[in-house]
Amino acid sequence: MASSRGGGSQQVIRTGDMEKMSIDQLKAVKEQADIEVNLLQDSLNNIRTATGRLENASAALHDLSLRPQGKKMLVPLTASLYVPGTLDDADKVLVDIGTGYFVEKTMAEGKDYCERKINLLKSNFDQLIEVASKKKTLADEAGLILQAKLKQSSRSS
């Protein structure tokens, strides 16, 4: 196809191709690009939140490793519910690997798990930033061309 390049389910639309489109087609392209930008922004926010939680977990693991055995502490059951407990073995931790599954790991393995997940999320974040930037540029170009066509059609009326 001369006007677009296939990339999976995504298509790249060039400015020259948009200038040949009708007003309705441009509106559809702009609306679709805006929807995709909003979805990508939501994904970026979710990645930021997950990265922050993992960074907090990594810091908590570090703090836990410094505490002596037998230390009394409050154990979080939820974000707002804590119960009293005693630190029995600081070298063994339970790691939430998702959907309610926990795996027992050593402290070093738990820290490593957090760091690997943080690096993966940061990599995904960087990739999504690129895609979101391209989609935003596409939406902006479609909007400019649409405005120009609407001005031109109002002048000729």
Can you check side-chain contact (heavy atoms from CB on, under 4.5 Å) on Gln69 and Leu87, steps first, answer last? CA-CA 5 Å; Gln69 191 169 344; Leu87 182 59; 5.6 Å; no

Could you walk me through whether Leu121 and Leu54 satisfy the side-chain contact (heavy atoms from CB on, under 4.5 Å) test, starting with their C-alpha distance in whole Å, then the side-chain angles of each, then the deciding distance to 0.1 Å, before giving a yes or no? CA-CA 10 Å; Leu121 288 172; Leu54 281 166; 3.6 Å; yes

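- Hydrophobic cluster membership differs between Phe102 and Val75, with clusters built from Ile, Leu, Val, Met, Phe, Trp and Tyr side chains linked at under 4.5 angstrom.
- A side-chain donor-acceptor contact under 3.5 Å links Lys149 to the backbone of Met21.
- The minimum heavy-atom distance linking Ala132 with Leu44 is given by the pair CB-CD1, 4.5 Å.
- No path of Ile, Leu, Val, Met, Phe, Trp and Tyr side chains, each step under 4.5 Å between heavy atoms, connects Leu74 with Val83, placing them in separate hydrophobic clusters.
- One finds the CD atom of Gln25 at 12.5 Å from the NZ atom of Lys20 (value rounded to the nearest 0.5 Å).
- Minimum interatomic distance between Ala142 and Lys30 (heavy atoms only, all atoms of both residues): CB-CB, 4.0 Å.
- The side-chain hydrogen bond (donor to acceptor under 3.5 Å, both in side chains) test applied to Lys136 returns Asp140, not counting sequence neighbours.
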Between Asn56 and Arg53, does a side chain to side chain donor-acceptor pair (under 3.5 Å) hold up when you go through it step by step? CA-CA 5 Å; Asn56 287 341; Arg53 286 182 182 160; over 6 Å; no

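- Two different hydrophobic clusters hold Leu138 and Leu39 under the rule that ILVMFWY side chains link at heavy-atom gaps under 4.5 Å.
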Test side-chain contact (heavy atoms from CB on, under 4.5 Å) on Glu36 and Val131; report intermediate values, then the result. CA-CA 10 Å; Glu36 290 175 9; Val131 173; over 6 Å; no

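- Rounded to the nearest 0.5 Å, atoms CZ (Arg48) and OG (Ser43) are 11.0 Å apart.
- A donor-acceptor pair is defined here as one N or O able to donate and one able to accept, closer than 3.5 Å; no such pair exists between the side chain of Glu130 and the backbone of Gln127.
- Linking ILVMFWY residues whenever their side-chain heavy atoms come closer than 4.5 Å, directly or via other members, places Val93 and Ile97 in the same cluster.
- Put simply, CG on Leu64 and NZ on Lys71 are 11.5 Å apart, with the number rounded to the nearest 0.5 Å.
- No option in Arg116, Glu109, Lys111 other than Arg116 meets the side-chain contact (heavy atoms from CB on, under 4.5 Å) test with Tyr113.
- At distances below 3.5 Å, not a single donor-acceptor pair connects side-chain atoms of Ser123 with backbone N or O atoms of Asn119.
- Rounded to the nearest 0.5 angstrom, Asn45 CG and Leu40 CG are separated by 11.0 Å.
- Counting only heavy atoms from C-beta outward, the side chains of Pro76 and Leu81 never approach each other to under 4.5 Å.
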I would like to know whether Glu31 and Asp34 meet side-chain contact (heavy atoms from CB on, under 4.5 Å); could you show each step before the answer? CA-CA 5 Å; Glu31 287 174 15; Asp34 286 340; 5.7 Å; no

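- Between Thr106 and Lys92 there is no side-chain heavy-atom pair separated by less than 4.5 Å.
- Once rounded to the nearest 0.5 Å, the distance linking CG of Leu61 with CG of Asp112 reads 11.5 Å.
- With sequence neighbours excluded, the residues forming a side-chain hydrogen bond (donor to acceptor under 3.5 Å, both in side chains) with Glu115 are Ser58, listed by chain and number.
- Between Phe125 and Ile129 there is a side-chain heavy-atom pair separated by less than 4.5 Å.
- Annotation: Lys117, atom NZ; neighbour count of heavy atoms from other residues, nucleotides and ligands within 6.0 Å does not exceed 12.
- For the side-chain hydrogen bond (donor to acceptor under 3.5 Å, both in side chains) condition, no pair includes a residue of residues 72-91, sequence neighbours left out.
- Residue Ile47 holds its CD1 atom at 4.5 Å from CG of Leu128, rounded to the nearest 0.5 Å.
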